[in-house]
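Below is one structure, written out as structure tokens; the observations come after it.
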Amino acid sequence: MEQLTLFAAAGQSKGLPTHLLDYRPGLFCTAESDEYLRKFIAEAPWKQTALKIKDKEIATPRLTAWYGDLGTDYSHPGRISNPAPWTPELLKIKAIVEPLSGVKFNSVLLNYYRDGNDSVAWHSDKESILGKHPVIASISFGEVRSFDIRNKADHLEKYSVRLEHGSLLLMKSGLQEHWEHRIAKSVQPMKARVNLTFRVVI
DNA sequence: CCATTCACATAGCT
DNA sequence: AAGCTATGTGAATG
Ligand SMILES: [Mn+2]
């Protein structure tokens with residue numbers, strides 16, 4: 001009984017398809033991760049976009065901030081925004097992540113999930129901006145949230161990874177084409193989580 | 001023009 | 001019977 005509970009709480013699916021993703025907890029220690037979380041929340045140029053359906057204006061349920069090399073412009077729905085210039089912290093993290101990813105990234109999208117009501121729906125990352133087989137490195141700070149993937153052709157084929165404070169999730173080149181991912185809302189009370197997704201913008 | 005993208009409300013299922 | 005999923009919605013986009 002005890003073990004079952006503990007195992008369930010761990011929340012990692014068995015048999016994760018490691019050719020599609022890799023998960024590495026504890027890439028950054030707790031103290032360092034705490035500081036990064038605080039600093040990114042306080043200092044990143046957070047934006048919240050919106051979409052209109054009928055007459056309702058629906059705010060996207062998370063905040064985003066975009067950093068990167070000059071020329072890696074990212075089109076938000078409705079407007080084009082230049083990325084903010086790299087900060088020393090982001091460059092330091094990038095330098096740690098790149099050898100583990102086998103890729104030199106030129107941009108990073110930060111996502112700020114303020115509480116359990118923030119989320120991102122099932123999607124694949126944009127082929128038009130990233131190409132068909134992008135490698136994306138995702139660093140998590142703050143609250144543990146569940147990252148789900150499902151096969152586009154068979155929604156019953158699903159896996160889940162708990163993204164822990166200071167962890168790295170590597171989305172490998174095969175993931176986006178045939179799989180979708182999400183961060184679901186949670187009924188349980190959730191504290192803030194900031195996610196750094198390093199990418200190569202084409 | 002037309003397909004795609006996004007979050008939400010709702011209906012239907014177990 | 002609470003919790004999950006598929007579906008329709010429509011403005012903006014390329
Ligand atoms: Mn994504």
Side-chain angles (χ1 to χ4, degrees), chain A residues 4-5 7-17 20-21 44-68 71-83 106-136 138 140 142-163 169 171 173-202:
Chain A
L4 270 182
T5 304
F7 190 77
Q12 317 291 11
S13 294
K14 283 181 267 192
L16 275 181
L20 296 174
L21 34 64
W46 298 114
K47 292 188 172 75
Q48 185 171 27
T49 58
L51 69 103
K52 259 179 235 148
I53 291 183
K54 195 111 183 212
D55 270 345
K56 281 166 290 190
E57 180 111 344
I58 300 166
T60 301
R62 64 191 171 280
L63 307 184
T64 58
W66 189 263
Y67 294 83
T72 60
D73 293 1
Y74 181 75
S75 60
H76 290 272
R79 64 191 55 211
I80 304 236
S81 61
N82 290 316
N106 64 7
S107 61
V108 61
L109 176 66
L110 274 58
N111 295 289
Y112 176 15
Y113 302 89
R114 296 159 294 180
D115 55 38
N117 232 13
D118 276 352
S119 62
V120 63
W122 288 114
H123 71 284
S124 299
D125 288 320
K126 274 208 186 64
E127 182 184 335
S128 57
I129 301 169
L130 306 170
K132 202 163 191 172
H133 300 105
V135 174
I136 299 173
S138 167
S140 296
E143 182 67 83
V144 176
R145 299 291 295 262
S146 190
F147 175 87
D148 306 324
I149 66 170
R150 71 177 180 188
N151 192 319
K152 290 180 191 176
D154 175 11
H155 288 178
L156 294 179
E157 192 180 356
K158 261 175 134 169
Y159 302 92
S160 199
V161 187
R162 294 174 72 251
L163 301 180
L169 176 79
M171 294 188 247
S173 60
L175 187 66
Q176 305 301 329
E177 189 176 6
H178 298 300
W179 296 72
E180 299 174 300
H181 56 275
R182 73 168 178 185
I183 302 286
K185 292 184 191 302
S186 170
V187 183
Q188 311 296 342
M190 292 274 165
K191 295 194 158 86
R193 166 173 181 264
V194 167
N195 183 42
L196 282 50
T197 56
F198 290 89
R199 300 144 184 270
V200 180
V201 171
I202 296 164

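Convention: sequence-line order gives letters A, B, ...; per-chain numbering from 1.
Look at CD on A/E57: it is 15 Å from P on B/dA9, rounded to the nearest Å. Rounding to whole angstrom units, CD1 of residue A/I58 and C1' of B/dT5 are separated by 13 Å. Counting to the nearest Å, the C1' atom of B/dA7 and the CD1 atom of A/I183 are 16 Å from each other. Taking atom NZ of A/K185 as the reference point, atom P of C/dA2 lies 21 Å away to the nearest angstrom.
Note that CG of A/L110 is 10.0 Å distant from CH2 of A/W66, once rounded to the nearest 0.5 Å. Atoms CD1 and CD, on A/I149 and A/Q176 in that order, are 10.0 Å from each other to the nearest 0.5 Å.
Under the ring pair (Phe, Tyr, Trp, His ring centres under 6.0 Å) criterion, A/H123 pairs with A/H181, sequence neighbours left out. The ring pair (Phe, Tyr, Trp, His ring centres under 6.0 Å) test applied to A/W122 returns no partner, not counting sequence neighbours.
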Apply the test salt bridge (charged side-chain N to carboxylate O under 4.0 Å, His left out) to residues A/R62 and A/D118: give CA-CA distance (whole Å), side-chain angles for both, the deciding distance (0.1 Å), then the verdict.
-> CA-CA 5 Å; A/R62 64 191 171 280; A/D118 276 352; over 6 Å; no
Its contact letters, B for base, S for sugar-phosphate only and - for none at protein heavy atoms under 4.0 Å, make nucleotides 5-11 of chain C read SS--BBS
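Residue-environment remark: NZ (A/K191) stays at or below the threshold of 12 foreign heavy atoms within 6.0 Å.
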